[in-house]
Amino acid sequence: MPDAPDFSPLAGAYAVHRPGYPAELFEWLASVCARHDLAWDTATGNGQAAFGLAERFRRVVATDVSEAQIAHARPHPRIEYRVGSAEDSGLGERSVDLVAAAAAVHWFDLPKFRDEIRRVLRPGGVAAIWTYHAADVEPPFDAVLGPFYRDVVAPHFAGGARLVDDRYRGIELPGEEIAVPEFFATARWTAAEIVAYVRTWSGVRAYREATGEDPVAALAPAIERACGRADAVHRVTWPLYVRVWRS
């Protein structure tokens, strides 16, 4: 993973303070796959996507280069968690029905990942990548998180984040691209939980390491004002940027 930050120190926070993905996304992905024997969830993190896939595929192999992320993953009888990379999965040739990468492909060595897709995907198999932009949320939080991302921490994100800024438009994977419906990730959070989510951003950690200052300390009051009462629970919504190819 060239240019990729080490997410191991954030593994525990990722498990608690990152949004999940909608069941409708996994239902749709299963509907465009001819077979449902094996899904490979690469860069699984704590297994957020693997869990959704396991409800629709007989077996899921979920890999991540971070042992700490795997250690925080939720167990499931159909998920096999492994430490491994997107460029070298250890899976058999033409053994996979779906390759999935959730909010991660921007950290991969893309030419090597393409080669690995060609190697492991069955004829007619599907490769799916998706992401959300950390600060691309629906009102009222867009007015708070957007300027914080652009004006404060964006320069501290590793270079791969530019692919997220581009909403994955510049990425091409093997196969014929499939049109994708709209999907959204949602969470129901208090102000404190939104602040905790922002602290999981790799750019926030890099900012703190570079400057010795916590950029979220100045942001927290604006989040609290947007939320109103401290105990109020708000729906936070992110558009998902999904691209899918069939081999």
Side-chain angles (χ1 to χ4, degrees), residues 4-25 43 45-49 51-52 66 68-69 72 74 102-104 106-107 130-168 182-242:
D6 179 10
F7 290 97
S8 297
L10 299 171
Y14 260 62
V16 179
H17 300 301
R18 282 281 172 143
Y21 304 111
E24 294 82 3
L25 171 61
N46 308 134
Q48 287 93 337
F51 230 73
S66 169
Q69 291 278 18
H72 284 85
R74 291 189 298 164
H106 46 284
W107 303 127
W130 66 91
T131 193
Y132 55 92
H133 192 287
D136 188 358
V137 292
E138 293 189 350
F141 302 108
D142 57 333
V144 179
L145 298 187
F148 175 74
Y149 175 83
R150 291 189 302 272
D151 302 335
V152 180
V153 296
H156 295 271
F157 278 85
R162 304 292 79 80
L163 292 172
V164 181
D165 290 342
D166 193 41
R167 279 55 175 178
Y168 280 5
E182 282 190 333
F183 296 104
F184 297 86
T186 61
R188 295 188 60 81
W189 284 341
T190 63
E193 289 170 319
I194 297 171
V195 169
Y197 155 69
V198 176
R199 290 192 186 280
T200 70
W201 297 6
S202 62
V204 167
R205 178 169 169 253
Y207 181 106
R208 193 167 55 244
E209 292 175 348
T211 67
E213 299 177 358
D214 177 12
V216 183
L219 176 71
I223 292 176
E224 291 164 1
R225 287 193 295 273
C227 286
R229 300 194 334 268
D231 62 347
V233 177
H234 293 266
R235 181 184 175 94
V236 186
T237 302
W238 299 258
L240 290 178
Y241 305 104
V242 186

| said: On a heavy-atom basis, which atom in Ala68 and which in His72 lie closest, and how many Å separate them? | reply: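 Looking at all heavy atoms of both residues, the shortest contact is O-ND1, 2.9 Å.
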| Shortest non-hydrogen contact between Glu213 and Tyr207, atoms and distance |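 That would be O-CD2, 3.7 Å.
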Spatial distance of atom [atom1] ([X]) from atom [atom2] ([Y]) [nearest 0.5 Å]:
X	Y	atom1	atom2	value
Thr200	Arg18	OG1	CZ	3.5 Å
Arg74	Gln48	CZ	CD	8.0 Å
Tyr149	Phe157	OH	CZ	5.5 Å
His106	Arg162	NE2	CZ	10.0 Å
Arg199	Leu219	CZ	CG	9.0 Å
Trp130	Leu25	CH2	CG	5.0 Å

| said: Could you work out, with side-chain contact (heavy atoms from CB on, under 4.5 Å) as the rule, every residue matching Ala220, not counting sequence neighbours? | reply: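 Ala220: side-chain contact (heavy atoms from CB on, under 4.5 Å) contacts with Val195, Glu224.
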| said: Less than 4.5 Å apart, side chain to side chain, heavy atoms only: is that true for Val204 and Pro215? | reply: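 Of all side-chain heavy-atom pairs linking Pro215 with Val204, at least one is under 4.5 Å.
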| Check: Val144 and Arg225 side chains under 4.5 Å, non-hydrogen atoms | no
| request: Can you establish whether the number of heavy atoms outside Glu182 located under 6.0 Å from its atom CD is more than 12? | output: no
Counting only pairs under 3.5 Å, give me each side-chain donor-acceptor contact of residues 232-240, with atom names and distances, residues two or more places apart or in other chains.
from: His234; atom 1: NE2; to: Cys227; atom 2: O; distance (Å): 2.7
from: Trp238; atom 1: NE1; to: Tyr197; atom 2: OH; distance (Å): 3.2

Donor-acceptor pairs under 3.5 angstrom involving side-chain atoms of residues 133-142: please list them, not counting sequence neighbours.
from: His133; atom 1: ND1; to: Ala135; atom 2: N; distance (Å): 3.2
from: His133; atom 1: NE2; to: Asp165; atom 2: OD1; distance (Å): 2.8
from: Asp136; atom 1: OD2; to: Arg167; atom 2: NH2; distance (Å): 3.2
from: Asp136; atom 1: OD2; to: Tyr241; atom 2: OH; distance (Å): 2.1

| query | When the ring planes of Tyr21 and Tyr132 are compared, do they come out parallel, tilted or perpendicular, using 30° and 60° as the limits? | reply | tilted
